[in-house]
Amino acid sequence: KIKRYTEPDAQSDDVSGLFEELKKAIATQKPAQTREVIDLIEKHILSEKNAYLMEAVKKRIKKYRFKDALTLLEEK
């Protein structure tokens, strides 16, 4: 069952924790591992800012630009 929330970032602690997990996954530079965490994050309704951030991070991961993706997340 997929958890869906009605408010953007309704479970902000969950989302924050997932972004931390994403940082760790990106540091491994393994696309499959990052994809798993991205899928978990996308099950949440994100704020506009976090949704934009996720799109930017996904584009960089797709191009194997892990360092750039990690920089974006650290600036969050």
Side-chain angles (χ1 to χ4, degrees):
K1 184 176 177 182
I2 296 174
K3 288 184 181 178
R4 300 295 285 178
Y5 302 101
T6 56
E7 297 293 322
D9 293 343
Q11 301 294 322
S12 60
D13 289 343
D14 289 348
V15 173
S16 295
L18 288 171
F19 274 112
E20 288 301 317
E21 288 298 316
L22 183 57
K23 286 181 192 178
K24 292 175 188 175
I26 290 172
T28 68
Q29 297 190 2
K30 294 181 181 176
Q33 198 170 356
T34 59
R35 185 76 235 162
E36 290 176 18
V37 180
I38 289 171
D39 289 344
L40 290 173
I41 292 171
E42 289 181 337
K43 290 178 182 176
H44 292 80
I45 297 173
L46 302 175
S47 66
E48 187 176 331
K49 178 182 174 184
N50 282 341
Y52 178 79
L53 175 65
M54 278 306 303
E55 288 305 310
V57 167
K58 287 184 344 186
K59 285 179 186 177
R60 283 158 179 80
I61 290 170
K62 188 175 181 178
K63 295 179 182 180
Y64 295 90
R65 294 172 55 196
F66 296 103
K67 187 175 181 180
D68 293 343
L70 192 56
T71 300
L72 281 176
L73 285 171
E74 288 174 347
E75 291 174 353
K76 176 187 180 263

Quick one: list whatever passes side-chain hydrogen bond (donor to acceptor under 3.5 Å, both in side chains) with E36, sequence neighbours left out.
-> none
Interatomic spacing from CG in D14 to CD1 in I41 - rounded to 0.5 Å = 11.0 Å
Can you sort out the partners of E55 under side-chain hydrogen bond (donor to acceptor under 3.5 Å, both in side chains), two or more places apart, ordered by chain and number?
-> K58
Measure the OG1-CG distance between T34 and L70 for me, rounded to the nearest 0.5 Å.
-> 11.5 Å
Find the distance between CZ (F66) and OG1 (T71) and round it off to the nearest 0.5 Å.
-> 13.0 Å
Set of residues satisfying salt bridge (charged side-chain N to carboxylate O under 4.0 Å, His left out) with respect to K30, sequence neighbours excluded = none
Contacts of Y52 that satisfy side-chain contact (heavy atoms from CB on, under 4.5 Å) - sequence neighbours left out = none
Give, for atom CG of L53 and atom CG of L46, the distance between the pair rounded to the nearest 0.5 Å.
-> 9.0 Å
Contact check, side chains of I26 and V57, non-hydrogen atoms, under 4.5 Å = yes
CA sep, side-chain torsions, deciding dist, call: L18, H44, side chain to side chain contact (heavy atoms under 4.5 Å, CB included) | CA-CA 10 Å; L18 288 171; H44 292 80; 3.6 Å; yes
Which residues pass the side-chain hydrogen bond (donor to acceptor under 3.5 Å, both in side chains) test with R65, sequence neighbours left out?
-> D68
Basic-acidic side-chain contact under 4.0 Å: D39, R35 | yes
Paired with V15, the side chain to side chain contact (heavy atoms under 4.5 Å, CB included) test is passed by just one of I45, N50, L40, namely N50
Across all chains, not counting sequence neighbours, the side-chain contact (heavy atoms from CB on, under 4.5 Å) partners of E21 are K24, V37
